[in-house]
There are 2 protein chains.
Amino acid sequence: MKQKPTLKVIAKELDVSVSTVSKALRDSKEIGEETKNKVKAFAKLYNYRPNNIALSLKNKKTKTLGVIIPEIVHHFFTTVISGIEHYANDKGYNVIVGLSNESFKKEVINLEMLANGSIDGFIISVAKETLSVKDFHHLSETIDQGIPIVMFDRVIDEIECDKVIVDDVKTSKKAVEKLISSGCKHIGIISTKDYVSVGRLRTEGYKNALQSNGIEVDPDLILKIDDKFNSDDNLEFLEEQIHDYFKKNAVDGLFAVNELYAITAMKVARQKGLKIPDDLQIIGFTDGVLSKHAYPPLTTISQHGFEMGEEAAKLLIERLENTNDEEEPFKTTIVKTDIIDRETTKL
Amino acid sequence: MKQKPTLKVIAKELDVSVSTVSKALRDSKEIGEETKNKVKAFAKLYNYRPNNIALSLKNKKTKTLGVIIPEIVHHFFTTVISGIEHYANDKGYNVIVGLSNESFKKEVINLEMLANGSIDGFIISVAKETLSVKDFHHLSETIDQGIPIVMFDRVIDEIECDKVIVDDVKTSKKAVEKLISSGCKHIGIISTKDYVSVGRLRTEGYKNALQSNGIEVDPDLILKIDDKFNSDDNLEFLEEQIHDYFKKNAVDGLFAVNELYAITAMKVARQKGLKIPDDLQIIGFTDGVLSKHAYPPLTTISQHGFEMGEEAAKLLIERLENTNDEEEPFKTTIVKTDIIDRETTKL
DNA sequence: TATCAACACGAAAACGTTGTAGCTTACGTG
DNA sequence: CACGTAAGCTACAACGTTTTCGTGTTGATA
């Protein structure tokens, strides 16, 4: 086992000073050609690489981004991470991932654990519990300490920072209008409780679409699922609620604010003998594996998670590397969405 | 914006020495009660937290694990990451994620980028390209430098290190025998090329099952997909191959070495008018969202990714924290599998 | 021969910690 | 009174870098 050589051991071995070695490796013109070559050869031979930690300490920069998300077993978040990784690696940054599991406490712990010098900035999508309890002190404190944060998807209006979102209202409106124009008369929505920003906004878009098409909004057609935690855990609960919903309402069009709700609705509809898309048309939100491989394949809105990730990383790194004295104003990037036409809607 | 206070500024502020502050905060008995209280109060007020980087440098430990996986947009890998995170966080470790995208080069870069002091050890599932080119120098060099590696799922026999795997042969045998016992006469397998260890082993299990049940192995029934890269990209290619396969062979039972192959096979079968499970029974490998939400829900083998992740983290952290002088021998943990009975098989 | 660049290198500080060793002061003991 | 010692604190080194500021040698110039 050969230990990683340090400047010190190279210096001793070659009988020069540490500074000489350092400078030689960085090709400083202070050092003579001969010495440089000697040092470089030796360094190559022993596969010298500067110690990152020491550099971090010296530069007060870790070249590492902290990404905190509610859960990783979730297609959308993984595509975002891919995007972040892609951009970050390109710029020489690493990515350290923290999982909040939708828990406020774990989110706080993760933030604190990483804010002690381990990372230069955060990219975060806030936990449902945090949104629900409305306690954002950990976020504002982090920003106060000079650690920039970029929020994506689930953002908080009260906190000033860079954000990457999708135009939820407009996009949802577009989706629901698609249902309207393909003949649906009774369109319902399966959403989340209002404290989840995206759920609220998408519901708003749904209402907008109906109203501007002269259709009255029927509150009964709006189903708000209360899943505070990991959605996979209470799948039965979800099915039950959708069952009840179908029992009470006869819809021929359905807009679901995420894939899982859409897929589950399809499943329940099938059990009730409804043909898709003939009896019931469905559009989901967030294009993931489920939509693509569902039967029938689900028409859905692509949020372009990869681009969102890239954009978030870009905003963060730009802020980190901004050397101007004046603070850049905070930006909110809106990533475009697309409706992916598949087989749960008619043309 | 208040900057994070350091020991130095606290010391100056309270007019004591840096060491005194350090010791006071760690409750050393060298320091008088009065001073301790004063320091602690001040530290609390200014929300002092020791700088992680400085600690890492001093202790030569980062309390960070590097996880390198082929792709993150993949249910199995994300469950493994969850497991790793869970165990690691519990032990005070952070997790830094690197994506190889199935590329040898990116795997090497990731390894090198993190091996410079950023992490204490690696958990890795090797890229397909690495397996295919059989170049493992980056792995052995890392181990040589004293950085332990734990491999999971896709492992390399030639490299000595801790490993976490599933008994692919035995598990596959069990699955195929299930097909046999539920009446299948012509059982096929959709696997990967042999350089992917899990593909090879699962094919072996398939053959074993047939042989020990007196069925001759028909090489035509073994389809080996050559997807060197991200499987989502060449979905059409996959479908095509399966189409051809069905054209040439009349199977009534199918074992697929992963979810995607199984789901795609179902799709193609449906197009050919085959009823599942009546005309064709299918079992997949790796229980993910796809299997669960497929139509019909796919009978599949659960690899328990979460447990694999936990186990990998456990092996790594145990090795890192092992203070005995004698090297622990390398362990290979075999995580149990289960067949999740759903609706693509008969009873 | 004295002066001065240019050159090649080294010493030391700094980043934030911790641990060891050392230094006062006060007090008790012989 | 001299000595030992305990309490309470500080100085310093070290982790691995980079960078600023020397410093000594050489050779050329006045």
Do the ring planes of A:Phe104 and A:His138 sit parallel (below 30°), tilted (30 to 60°) or perpendicular (above 60°)?
perpendicular

Whole angstrom is fine here: how far is it from [atom1] in [X] over to [atom2] in [N]?
| X | N | atom1 | atom2 | value |
| --- | --- | --- | --- | --- |
| A:Tyr48 | D:dT17 | OH | C1' | 7 Å |
| B:Ile10 | C:dG16 | CD1 | P | 12 Å |
| A:Arg26 | C:dC9 | CZ | P | 18 Å |
| A:Lys63 | D:dT17 | NZ | C1' | 16 Å |
| A:Lys61 | D:dT18 | NZ | C1' | 14 Å |
| A:Leu57 | C:dT18 | CG | P | 13 Å |
| A:Leu55 | C:dG16 | CG | C1' | 15 Å |
| B:Lys4 | C:dT17 | NZ | C1' | 15 Å |

Look at B:Lys128 together with B:Glu71 and state whether they make a salt bridge at an N to O cut-off of under 4.0 Å.
no

Less than 3.5 Å between a donor and an acceptor, one on the side chain of A:Lys23 and one on the base of D:dT17, is that the case here?
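Donor-acceptor pair under 3.5 Å: no.
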
Answer with yes or no whether B:Ser17 presents, from its side chain, a donor or acceptor under 3.5 Å of a partner atom in the base of D:dA11.
no

If each of A:Val18 and B:Lys58 is mapped to the nucleotide of DNA chain D with the nearest heavy atom, which maps nearer the 5' terminus, i.e. the 5' end?
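Mapping each residue to its closest nucleotide by heavy atoms, the 5'-most match is B:Lys58.
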
Taking 4.0 Å as the cut-off, does a side-chain nitrogen or oxygen of B:Thr20 come that near to OP1 or OP2 on D:dC9?
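For D:dC9, OP1/OP2 do not have a side-chain N/O of B:Thr20 under 4.0 Å.
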
Do any side-chain nitrogens or oxygens of B:Lys60 fall under 4.0 Å of OP1 or OP2 in D:dG16?
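Yes, B:Lys60 has a side-chain N/O under 4.0 Å of OP1/OP2 on D:dG16.
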
Take B:Asn59 and B:Glu30, find for each the nucleotide of DNA chain C with the closest heavy atom, and name the residue whose nucleotide sits nearer the 5' end.
B:Asn59

Which nucleotide in the set C:dG10, D:dA11, C:dG16 lies at the smallest distance from any side-chain heavy atom of B:Ala54?
C:dG16

Regarding [X], tell me which of base, sugar-phosphate or nothing describes its non-hydrogen contacts under 4.0 Å with the strands shown.
| X | answer |
| --- | --- |
| A:Thr6 | sugar-phosphate |
| A:Thr35 | sugar-phosphate |
| A:Lys8 | sugar-phosphate |
| A:Leu7 | base |

Counting only heavy atoms not in B:Glu321, do more than 12 sit closer than 6.0 Å to its CD atom?
yes

Option from A:Arg319, A:Glu318, A:Lys163 for which side chain to side chain contact (heavy atoms under 4.5 Å, CB included) with A:Lys331 holds
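Exactly one pass, corresponding to A:Glu318.
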
Run the side-chain contact (heavy atoms from CB on, under 4.5 Å) test against A:Asp27 and tell me which residues pass, sequence neighbours left out.
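Result, side-chain contact (heavy atoms from CB on, under 4.5 Å) vs A:Asp27: A:Lys36, A:Lys40.
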
